[in-house]
Structure formats: C-alpha cells, structure tokens
Amino acid sequence: MAQDSSSNRPMPQKYRRNRTKFTKEQLKILIDTFNQMPYPGYATRLRLALEIDTEEPRIQLWFKNRRARYSFQKRGEQKEALESSQDPGQDHLPEQIPHEQVRQCRTIYSRSQLHALIKAFRKNPYPGIHCREQLADDIGVPESKVQTWFQNRRSRSGVQRKKKIPDESFGQGQG
DNA sequence: CCTAATCTTATCAGGCGCGGCCTGATAAGCCCATTAGG
C-alpha cells in the first residue's frame, strides 16, 4: 500500500540509478554497432537492448556518452585525413552519418497522468531514481519518460537548480 | 580511475487544427558539461 509519501526526506539514500556494468561481450556488440551507426534510431536501440539483455535507455545513454568521448578523440585523425586528400570537390563528406531519423513515438499523457506529474514536480523538481520509478509505476509509463518529462518541465519553467550564483540573490543578506 | 548517470540548453518534430502553439524526443556540452559509483 501507500507508504509515507508526503514526508520530508532530508536526503534520499540513493539519488542515482545503479551504475550499469556492461560485459565485454555486450561492449563488443555496442562498439561494433557504434562504428557502423553512431546514431541508432529507436527500433535499433530496442533491438540492441534485446540482444544484449538490457534496457533501451541504457543503450541510448551509452551511445550518447560514446559519441561525446569518441568525437573529440577522433578529431585529429579526421583532420589528417582531410589534408591528405586535397580535393576541391567534396567527394566523401563525413556527414553521411546514418541518422536513423526514427524517433520514439511521442507520448501522449492523459490528464490524470499529467496531474500526477505536475503534482510531483511541485513537490520536488529533482526526483531521484526511486521517486521517478515510483511515479512511473503509478502512472504506468517507463521511468525514462518520467525523466524526460522532468527535464523538459524544468527547462521550461525556470526552476533550474541554482548553480553557484555568488550573491545576486534577493535574500536579505546571508547571516 | 573510468565512465554511467545526471543536468542544462537548444532544436527537431508530432498532434492539433489551419498558422502556429504546446510539448515530447533527441543531441550536445568546447579547448570538449558535471557528478559520483563500483
């Protein structure tokens, strides 16, 4: 049943989701796919998730992190390759990256789902993994959707976590 | 330490309904985001 939900929790025991540990075989498949297709669409990600027995959001995140590291790592090599072939006419643009353009279907939230999301957001715009999973379970959507919803919501409602604003605050002086 | 998880920002794109708004999904982060867990 419902446990304490409106209690103020000083600090969640664990905010982040458990770190995923890929096996070598999983990594081999991931890397192999990445080399051919750094921007897999949803269908491909799903297939990969099934193949290596993990969740699609893990796949998506892995590709994102991989791209972030791989791109700048390869920076020098590409430049070298370009200089090698001094051809005025573009023969082989590196932009032929196969973006699979197939996005995941847009989620249509019902009124009650939105209500639950908004309510949770007002309570805490930065829910930890447990909170997100609980909410996802409550309204019947994957946790990754909840995370995306919160990110978009934060972005568009200006509740961004106060970074390190020196002292521009409107407060009446910190004691 | 390595790198998965997280955050912000910007942009693409689907649904609705008829021009453009709302908002979910995706990508990048710059001398290459930051944080933190095994």
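So that the names make sense, note that chain A is the first sequence line, chain B the second, and so on, each numbered from 1. Everything numeric here is computed off the predicted structure, so don't read it as measured data.
Arg69(A) places its CZ atom 13 Å from the P atom of dA5(B), with the value rounded to the nearest Å. Between Asn124(A) atom CG and dT6(B) atom P the separation is 14 Å, expressed in whole Å. dA25(B) atom P lies 13 Å from atom CG of Leu46(A), rounded to whole Å. Protein atom CG of Asn65(A) is 14 Å distant from nucleotide atom C1' of dT26(B), rounded to whole Å. Rounding to whole angstrom units, CD1 of residue Ile52(A) and P of dA4(B) are separated by 11 Å. Atom OH of Tyr39(A) and atom P of dA27(B) are 7 Å apart (whole Å). The CD atom of Gln113(A) sits 11 Å away from the P atom of dG24(B) (whole-angstrom rounding). What separates CD1 of Ile129(A) from P of dA36(B) is a distance of 16 Å, to the nearest Å.
When heavy atoms are screened at a 4.0 angstrom cut-off, Arg17(A) is found touching the sugar-phosphate backbone but no base atom. Among the protein residues, Arg132(A) comes within range of the sugar-phosphate backbone only, with heavy atoms under 4.0 Å from sugar or phosphate atoms but none that close to a base. Contacts of Gln147(A) with the nucleic acid, taken as non-hydrogen atoms under 4.0 Å apart, involve only primed sugar atoms and P, OP1 or OP2.
When the P atom is used for both dC2(B) and dT26(B), the distance is 31 Å, rounded to whole Å. Distance noted for atom C1' between dC7(B) and dA36(B): 13 Å (whole Å). Rounded to a whole angstrom, the distance from the C1' atom of dC30(B) to that of dG24(B) is 28 Å. For the C1' atom pair drawn from dC22(B) and dC18(B), the interatomic distance equals 16 Å after rounding to whole Å. Rounded to the nearest Å, the gap between the C1' atom of dA25(B) and that of dC31(B) is 30 Å. For dC32(B) and dA27(B), the C1' atoms lie 15 Å apart once the distance is rounded to whole Å. Taking atom C1' on both dG37(B) and dG17(B), the two are 49 Å apart, rounded to the nearest angstrom. Taking atom P on both nucleotides, dG38(B) is separated from dC12(B) by 38 Å, rounded to a whole Å.
Taking a 4.0 Å limit (strictly below) on heavy-atom distances, residues 19-34 of chain A reaches DNA chain B at Arg19(A), Thr20(A).
Of the side-chain N and O atoms in Tyr42(A), none sit less than 4.0 angstrom from OP1 or OP2 of dA13(B). Contact between the side-chain N/O atoms of Tyr70(A) and the OP1/OP2 oxygens of dT3(B) is not found at any separation under 4.0 Å. OP1 or OP2 of dA10(B) has not a single side-chain nitrogen or oxygen of Ser155(A) nearer than 4.0 Å. Contact annotation: Tyr15(A) side-chain N/O to dC7(B) OP1/OP2 distance is under 4.0 Å. For the OP1/OP2 pair of dT8(B) and a distance below 4.0 Å, the side-chain nitrogens and oxygens of Gln151(A) include no atom meeting the criterion.
Between the Arg67(A) side chain and the Pro38(A) main chain, a donor and an acceptor come within less than 3.5 Å of each other. Side-chain N or O atoms of Gln26(A) include one that pairs as donor or acceptor with a backbone N or O of Thr23(A) at under 3.5 Å. Side-chain atoms of Ser155(A) do not come within 3.5 Å of backbone N or O of Gln151(A) as any donor-acceptor pair. Judged by distance alone, with hydrogens and angles left aside, the side-chain atoms of Arg154(A) form a donor-acceptor pair with the main-chain N or O of Pro125(A) at under 3.5 Å. Without hydrogens or angle criteria, Gln113(A) side chain to Ile139(A) main chain gives a donor-acceptor distance under 3.5 Å.
Of the residues near DNA chain B, Pro127(A) and Lys64(A), the one whose nearest nucleotide (by heavy atom distance) lies more toward the 5' end is Pro127(A). When each of Lys145(A) and Arg58(A) is assigned the nucleotide of DNA chain B with its nearest heavy atom, Arg58(A) is the one assigned upstream, toward the 5' end.
A donor and an acceptor atom never sit less than 3.5 Å apart when one is taken from the side chain of Arg154(A) and the other from the base of dC7(B). Donor-acceptor pairing under 3.5 Å, judged by distance alone, is present between the side chain of Arg156(A) and the base of dT11(B). A donor-acceptor contact under 3.5 Å is not formed by the side chain of Arg153(A) with the base of dG24(B). The base of dA4(B) does not come close enough to the side chain of Asn18(A) for any donor and acceptor atom to sit less than 3.5 Å apart.
Listed nucleotides dG15(B), dC12(B), dT23(B) differ in distance to Arg103(A); the shortest reach to its side chain belongs to dC12(B). Taking only side-chain atoms of Gln60(A), from C-beta outward, the nucleotide of dG24(B), dC7(B), dA27(B) with the closest atom is dA27(B). Distances from the side chain of Arg106(A) to the nucleotides dT26(B), dA28(B), dA13(B) place dA13(B) closest. Closest to the Arg16(A) side chain, of the nucleotides dG24(B), dA27(B), dT35(B), is dT35(B).
Note on residues 17-28 of chain A: pairs passing salt bridge (charged side-chain N to carboxylate O under 4.0 Å, His left out), not counting sequence neighbours, are Arg17(A)-Glu133(A), Arg17(A)-Glu143(A).
The local environment of CG in Asn35(A) is crowded, with over 12 non-hydrogen atoms from other residues, nucleotides or ligands closer than 6.0 Å.
In this pair, Trp62(A) and Phe34(A) present their aromatic rings perpendicular. The plane angle is above 60°, beyond the 30 to 60° band.
Across all non-hydrogen atoms, the minimal contact from Leu135(A) to Ala116(A) is CD1-O, 4.1 Å. Taking both residues in full, the closest heavy atoms of Lys145(A) and Cys105(A) are given as NZ-O, 4.0 Å, listed atom of the first, atom of the second, then distance.
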